[in-house]
Undergrad: 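Below is one structure. I have some questions about it.
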Amino acid sequence: MKKVLVLTNSSGGLYDFRGEFVEALTKENEVWVSMPDDVKEKELVDLGCRIIKTPINRRGINPLEDLKLYRAYAKIMKDIRPGLVVTYTIKCNIYGGFAAGMKKIPYIATITGLGGAFDRTGPLLRLIVGMYRAGLKKAACVFFQNEENKDIFRNMGITAKKTRMVMGSGVSLDKHEYEPYPAGEDVHFLFVGRVMKERGILEFIEAARRLHSDKVFFDIMGYCDEDYQELLDDLEKEGVIRQIGFHTQVHEYLAAASAIVVASFHEGMSNALIEGAATGRPVIASRISGCKEAFEEGVTGFGFTPGKPAELIDAMEKFLSLSVRERAEMGRCGREKMEREFDRKLVTAAYMEEAAAVLDR
């Protein structure tokens with residue numbers, strides 16, 4: 001059996017959004033996964049994977065830590081001698097790609113989003129661009145999740161042997177099956193994502209302050225990734241928001257919501273939006289690449305400009321003006337869009353095609 005090494009910064013992200021691809025790889029290959037945590041270790045082992053724990057500081061920019069990560073990846077590749085390396089997210093793409101390129105091992109990378117990295121200017125931006133060029137230039141294929149990210153890379157001179165577009169990670173239509181729309185007049189706006197500025201938490205809070213009532217509720221699901229916990233606790237005591245916290249199984253919370261809210265400034269492709277739409281829930285979403293592809297204005301949801309709380313409030317007021325029947329119909333249209341365009345089986349097939357092109361050589 002040929003060996004495949006998967007590099008990820010989150011076992012949960014790998015299993016929840018790419019588990020079908022990993023499972024498909026295990027059918028004919030020996031699959032090793034390098035990851036920093038054990039959140040979904042059992043599930044990945046059950047799929048047939050072998051696990052290597054590799055610490056990653058996901059948001060840090062400490063050169064010594066990053067050098068250790070590169071050396072760790074290089075050692076893993078030396079020990080395992082994989083026929084293919086698959087990488088996700090910025091540090092895995094850069095340091096894993098560089099290590100694979102140096103050892104002449106074919107690799108496939110995925111740009112899951114740019115975050116705020118390309119909003120920077122000056123020497124730091126040049127450094128990030130230079131690292132991406134080094135990490136991706138020998139990649140057998142680089143997958144992008146939206147056209148804007150692909151264009152930014154091309155304009156920055158970040159190239160690979162081949163690029164390919166997929167609709168994010170796709171959505172499992174079986175796991176996120178269609179659910180009947182909640183009955184009653186109460187409305188629950190559900191914010192899904194890490195609690196941080198670039199995810200639009202401040203705009204969501206401002207909307208909650210303006211619109212919450214005894215029939216309109218604002219729920220937050222996700223872990224607090226920046227220093228907002230005290231603020232959230234105070235708002236919860238005031239009855240402005242409700243904290244649901246971080247959950248690895250989100251379907252029941254999506255099903256209980258009236259609308260899913262994603263207020264991000266940057267996305268590769270929003271999993272929260274496509275999972276919410278697959279469940280049959282309307283969406284309130286940023287009009288950015290990685291979100292706008294996942295909804296149709298006035299048909300499956302409403303959009304707004306990120307960082308503009310007045311526009312978010314306006315979108316929510318449009319939603320509140322709809323009848324329960326109209327909201328349910330909007331959710332049904334969202335499900336149909338996911339079935340047409342975002343079925344994860346299509347994404348898995350694309351990855352398997354590229355993996356086979358490498359492994360069958």
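For reference, positions follow the sequence shown, starting with 1. Basis for what follows: all heavy atoms, side chains included, without hydrogens, waters or symmetry-related copies.
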Undergrad: When you check the gap from the basic side-chain N to the acidic O, do E30 and R50 get nearer than 4.0 Å?
TA: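 Salt bridge: yes.
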Undergrad: With a 3.5 Å distance limit and no angle check, can you tell me whether T305 reaches the backbone of K308 through a side-chain donor-acceptor pair?
TA: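 No.
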Undergrad: Assess the side chains of S10 and Y15: does a donor N or O sit below 3.5 Å from an acceptor N or O?
TA: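 No, because no side-chain N or O of S10 sits under 3.5 Å from a partner of the opposite role on Y15.
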Undergrad: With a 4.0 Å cut-off on N to O distance, would you call R344 and E20 a salt bridge?
TA: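 Judged by the 4.0 Å cut-off on N to carboxylate O distance, R344 and E20 do form a salt bridge.
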Undergrad: Please work out whether the ring planes of Y132 and F153 are parallel, tilted or perpendicular, with thresholds of 30° and 60°.
TA: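 Y132 and F153: perpendicular rings.
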Undergrad: Give the C-alpha distance, both sets of side-chain angles, the deciding distance and a yes or no for side-chain contact (heavy atoms from CB on, under 4.5 Å) between F246 and R194.
TA: CA-CA 9 Å; F246 172 74; R194 288 178 288 164; over 6 Å; no
Undergrad: Taking E267 first and then R199, would you say they form a salt bridge - that is, a charged N and a carboxylate O separated by under 4.0 Å?
TA: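 Here E267 pairs with R199 in a salt bridge, since their nearest N and O are under 4.0 Å apart.
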Undergrad: Side-chain contact, heavy-atom cut-off 4.5 Å: Y73 with S34?
TA: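 They are in contact (side-chain heavy atoms under 4.5 Å apart), so the answer is yes.
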Undergrad: So does K53 pair up with E41, basic N to acidic O under 4.0 Å?
TA: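 Here K53 pairs with E41 in a salt bridge, since their nearest N and O are under 4.0 Å apart.
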Undergrad: Are the charged groups of E65 and R71 less than 4.0 angstrom apart, N to O?
TA: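 Salt bridge flag = no for R71 with E65.
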Undergrad: Hydrogens and angles aside, do Q243 and D233 bring a side-chain donor and acceptor to less than 3.5 Å of each other?
TA: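 Yes, because at least one side-chain N or O of Q243 sits under 3.5 Å from a partner of the opposite role on D233.
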Undergrad: Decide whether H251 and E179 meet the rule of one side-chain donor and one side-chain acceptor closer than 3.5 Å.
TA: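 A donor-acceptor contact under 3.5 Å links the two side chains.
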Undergrad: Looking at F302, F319, F217, which one forms a ring-ring contact (aromatic ring centres under 6.0 Å, His included) with F189?
TA: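 Answer after filtering F302, F319, F217: F319.
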Undergrad: So do F304 and I284 actually touch side chain to side chain, heavy atoms under 4.5 Å?
TA: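 Touching, per the 4.5 Å side-chain cut-off.
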Undergrad: Begin with the C-alpha distance, continue with both residues' side-chain angles, and end with the deciding distance and a verdict on ring pair (Phe, Tyr, Trp, His ring centres under 6.0 Å) for F191 and F218.
TA: CA-CA 8 Å; F191 176 99; F218 288 77; over 10 Å; no
Undergrad: Below 4.0 angstrom, N of the basic side chain to O of the carboxylate: do K292 and E297 qualify?
TA: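 Salt bridge flag = no for E297 with K292.
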Undergrad: Answer yes when E339 and R335 have at least one side-chain N-carboxylate O distance shorter than 4.0 Å, and no when they do not.
TA: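 A salt bridge is present here (some side-chain N lies under 4.0 Å from a carboxylate O).
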Undergrad: Regarding R164 and the six-membered ring of F144, is the cationic atom NZ or CZ under 6.0 Å from the ring centre and inside 45° of its axis?
TA: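 Judged by the rule, R164 and F144 form no cation-pi pair.
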Undergrad: Would a distance-only check, ignoring hydrogens and angles, find a side-chain to backbone donor-acceptor pair under 3.5 Å from E326 to S323?
TA: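 The answer is yes, because a donor-acceptor pair under 3.5 Å joins these two groups.
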Undergrad: Does a side chain donor of either D66 or Y95 reach within less than 3.5 Å of an acceptor in the other side chain?
TA: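 Yes, a side-chain donor-acceptor pair sits under 3.5 Å.
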Undergrad: Check T163, I158, N155, I111 against K150 for a side chain to side chain contact (heavy atoms under 4.5 Å, CB included) and give me the one that passes.
TA: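 Among the candidates, only T163 passes.
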